[in-house]
Each structure stands twice: as C-alpha cells, then as structure tokens.
Amino acid sequence: MSNGLSEQARAAAAAVDGERLWSRLMAMAAIGARADGGVCRQALTREDRDARAVLTGWARARGLRVSVDAAANLFVTRPGARDLPPLLIGSHMDSQPAGGRFDGIYGVLAAFEVLEALEDAGLGTGRPIEMVAWTNEEGGRFPCGCTGSMSWSGEAPLENFLDVVGADGVVLRDALAETLAASPDIERRGLGGGAHAYIEAHIEQGPVLEREGLAIAAVTSIQGFRMSHVTVTGTPGHAGTTPMAARRDAVQGALRAIAALNELMADPSDTVRFTVGCIDVEPNSPNTIPARARFSIDFRHPEEAVLEARYARIEAAVRAAAAPCDADLEHESSMSPGVFPAPVVAAIEAAARDLGLPAMRLPSGAFHDALFIARACPAGMLFIPCKAGLSHHPDEYATPQDCEAGARVLAATAMQLAEATLS
Ligand SMILES: [Zn+2]
C-alpha cells in the first residue's frame, strides 16, 4: 500500500463525520421533497433559494465566509495562511424535476463536510479551501445546463444564458435576479478568477462501482458527444395499391439506416454510446406509405479520435442504407471530451488506496460542472457507488458508508492538492 498521504491529509480524512454529513443530506432532501421519495429542487426556484439559505446558515454558524457571484454560484471559504488562489471543492444543488436526493447535493455537502472536518481538527492550509455550489447544472428548468460553471470558467459568457426561457416561462435573468435579491446580506464577488484546482465528488450515476464492489472511482475523463438528425425522404402513396417493388418507403429506409448505424457503432469494449431516441414520421397515417422519417443520433465516447472517425462515416452509411430513399444528415451540436490531468486522477486514486478504500479509474458517461472547470484550472472528480446505477430518479440512493468514504477521500485529496504544485 502507498504511504503517499501527508499526516495532515490523513488527519483531515479521519475528522470527517459521516453522521453529520448524512443528517445534512437528509435535511437538504426535505427541501423540495416529492411524495415518491425524490426531490424537485430545480435551479433558481424557491426550493433552490431555501437550500442556499440553509447552507449559508450552517456555514455562518461555523464562522465561515459565504459569498456569491453574478451567476449565483455560491462559495463558502475557509481561509488559508497565505493569499493564494483557492482549492475549490463542490458540485451543484439543483435537481431534475423528478430527481433524487444525492445527484449534485452530495458533492456540495461532502465539500462542506471537508471544511467542517478541517475546522474540527484545527488543520490549517497554506491556500484557502472553498466549497462551491454551481448554478443550474441540470438544465431541467432552464435548458442551458452548467450555466454557473460555464460562465465561471469562461467557457461562455453569462450574458449568453440570460435570455433563456425556463420550462415554466420564467426568463433566467429574472430568476437569477430573484435568487440574488433573496440574500442581500451575502457578500458579492467577481465571476471567475481561477483556482489552484477543483475537485468534485458525485454519485456515479451508473452501475460499475456497485457491480465491482468498489468504494471509489477516480474519474479519468468526461465523454464528448456528437448530436444530429437524419431525415429520410421517400415517396408517399396508397398502402393498398402501390406495389412493394416500386416503393420508396421512408420508414423502411430509416430502419435500414439505423441498422447500418448499429453496425458502424459496434464496439466489443462497450465504450461507445449510441442512441436513436426520437423518430418522427410523416404523414404518420397507417394507410399511407411514409413520405418522411426523421430520427435523432446521440453518439458519445471518451476519446475525440473515436468520435471524429466514426462520426465522419455516418452520412455515407446512412445514404447507402436508405437508398432508394434520400437521406440527409443535419449536424446539431458537438462537445469534445474533457480529460482530467493525470496528477489529479492519481492523487484521488492514491488517497483512496491510502485510506484503505478499494478504487478504480472510470470515465464519466454523464456531464458534470468539472468538464467546464477543467478548462480553467486542473480539475478532477471522484465517484461513489449508487444503488443499481439509478440517477435522475426518485429512487436514487447512496449508502451512508459510501457517502462518508467519498468525503474522506475528498478531504485527503484536497489537503494533498492544496499543498501540491500542479501546473
Ligand atoms: Zn449532478
């Protein structure tokens, strides 16, 4: 076993109080609690503001400084001995409309637990350690997920998001103003400013850790994606009178195209993610040969080279398979994978091993704020197991033991990285 952790890092991990963390998780789960056991605490709603107020109260009770920026990203600061860029730890507090009790909020409360553990143990750091809760990660209400982390990191200016209209008709600009106005006593800080490093703890939202019986994953990367639509055009006609041989049936063309894509996307390692989630048929009448079929493509992979190479072959594959129908590919959006720096991944893995927690490396299938923060400073993530891989679901669950273990690794990693040179 490695003996890489400093004594301070081990002391920080040992000071983590799992019962306190669990009670805070359950207190937050009560804000926006759903009858089915889940949580609805969407970004910049009354429930989000209530959760922010509760967290602010806990921070102030510990004498920790609370501040907020123009994107309503919320920070709790434990000062360091020197005036250096902070080590950031955190995640998001907003949930999906039918969300669970752990997605996002776990990483925020684990980070807050680290600050409390350091307070309890009287452990000082050279640089400040800050907890952060990023605004609107989920994008369930305002369809511009990761608003807070994107605007903090410079990925996109905050102005780009202000006119976005929420599912409830509210404009993001107004919801943001309402949230900031709800806590006028919280110190305002500039948006951005960088950090020494950022570490985010999160439930895995997938089945791997549970299946492998492991406590921790050091996340290596966040996969990128390509999204597009294919339109297959045929010739409409009477279902009863048009001979089969003469048909250009758009649905049959689309089925052949999807079968060809399944072949193109085949991957024995099961790393490729390929989904046709949407099919529209026109005129959508049972006794008319379809004139048009339009389907979506959602293609994800952790390696840019694989995304590039397979995506480049989609259009030709679809055209050939759909013939004699016509087929057109309409590119919609793409995102490059985020690869976390090796020293950060190694630090998380080493901290877990040193604390006696079985760990593995794992790419993230889902997006996280860390993807964008990684473009501004060295960033990394750790996952804890969640029951049956369920997330964005009222039954989402992580055990108190796993929650505590993740917070211990976060504490040790934060202490190690706070003193390390990373660039
Ligand atoms: Zn999340």
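Counting starts at 1 for both ligands and their atoms, following the listed order.
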Vertex the Zn ion (ligand 1), arms to His202 NE2 and His92 NE2, rounded to 10°
120°

So does Ala33 get a backbone contact from the side chain of Arg41, meaning a donor-acceptor N/O pair under 3.5 Å?
no

Could you report the tightest heavy-atom contact between Ile222 and Met381, atom names first, then the distance?
CD1-SD, 4.1 Å

Relative to the Zn ion (ligand 1), which of the N, O or S atoms in Asp103 is the closest?
OD1

Contact summary for Ala218 and Val345, nearest pair of heavy atoms
CB-O, 3.7 Å

Of Glu404, Glu119, Glu116, which meets salt bridge (charged side-chain N to carboxylate O under 4.0 Å, His left out) against Arg20?
Glu116

N/O/S atom of His368 inside 2.8 Å of the Zn ion (ligand 1), strictly under:
no

